[in-house]
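In listed order, ligands and their atoms are each counted from 1. For clarity, every value in this text was computed on a predicted model and none was experimentally measured. No hydrogens, no waters, no symmetry mates; every other heavy atom, side chains included, goes into these values.
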Amino acid sequence: VTLLVWTLPCGLIVTALLAPALAFASAPENWQMGFSAPGSEMKAHIIALYSHVVTIGAALVLIVLCLLVFIVARFRENRSPTPRHFVRAPVLEFAWTVLPIAVLAVIAAPSVRLIAQQSRTVAPELTVKIAAHQWFWRYSYPDYRGVSFNSSMIPPAMLEPGQHRLLEVDNRLVLPVGTNVELQVTSQDVVHSFFVPPLGIQIYAVPGRLNVISTRIEKPGVYYGQCNQICGLNHSFMPIAIEARSKADFDAWLAKAKLASLEVVPTVGSPRKLTGWEPLR
Ligand SMILES: [Cu+2]
């Protein structure tokens, strides 16, 4: 018990203090412990809330640890051999009821505000329909008929130097920066989940339902994610790569994509055969 009393809080403190310090790493890298650099305002809010909660947690752990140290030192047997007996401590009881409520309120208020912010749909400037399949994604731009393609993982054996293993895809979802994009997510078979951590996006892809989430990417770049709902054998092999381009670049890409016929675009993104027990090297 003594060992637990001393080691548990120390471990928690180290974890709690290290977590926010490690929170800002760039895209996935070796030994990354914290979040990827945020690509949207929403993700920045999520990281801020995380730091807020972890700071409160760390403070509580410190307070409890200090109390424990004080009590162990002050009330040890040879210092106070005959303990006092009492049944009521109204002030103390009031404090240990009200203080936790206050702490919870300080955590709950920004949490609820963030949840409300996340579920708010802003008038979209661009709509993208995302259909999950076992085991690839299909992206369509309903505003631009015909622009529709599949996005499948590049098998590790076919990766080029510098590409991320299990994250790189043949056709990235291209989106413009500084634009309110509405993602309409559904599934064609089982439940999947569209999860892009650096943008703070996570939404279930449910067959027969259309789930909607808004995003607004601030910085051009490539943002990686993965399906994070266990959806079958190749669940780990249906990554998401979002390429955020400047508006001019996006328009140029769109013009090319529109020019390509309905047949050509999907062919570019035809799903690689990753079914069955095909070994992944
Ligand atoms: Cu999936």
### Main-chain N/O of D189 paired to S187 side chain as donor or acceptor, under 3.5 Å
yes
### Message
Taking 2.8 Å as the cut-off, does N228 contribute an N, O or S atom near the Cu ion (ligand 1), distance below it?
### Response
no
### Query
Do F194 and Q202 have side chains that get closer than 4.5 Å, going by heavy atoms?
no
### Query
Mind checking whether V206 and N211 have side chains closer than 4.5 Å, heavy atoms only?
yes
## Note on the structure
The angle formed at the Cu ion (ligand 1) by SD of M238 and SG of C227 is about (to 10 degrees) 110°
### Task
Check the side chains of Y224 and E168 for a donor-acceptor pair under 3.5 angstrom, ignoring hydrogens and angles.
yes
### Message
With carbon and hydrogen excluded and only N/O/S kept, which atom of H192 is nearest the Cu ion (ligand 1)?
### Response
ND1
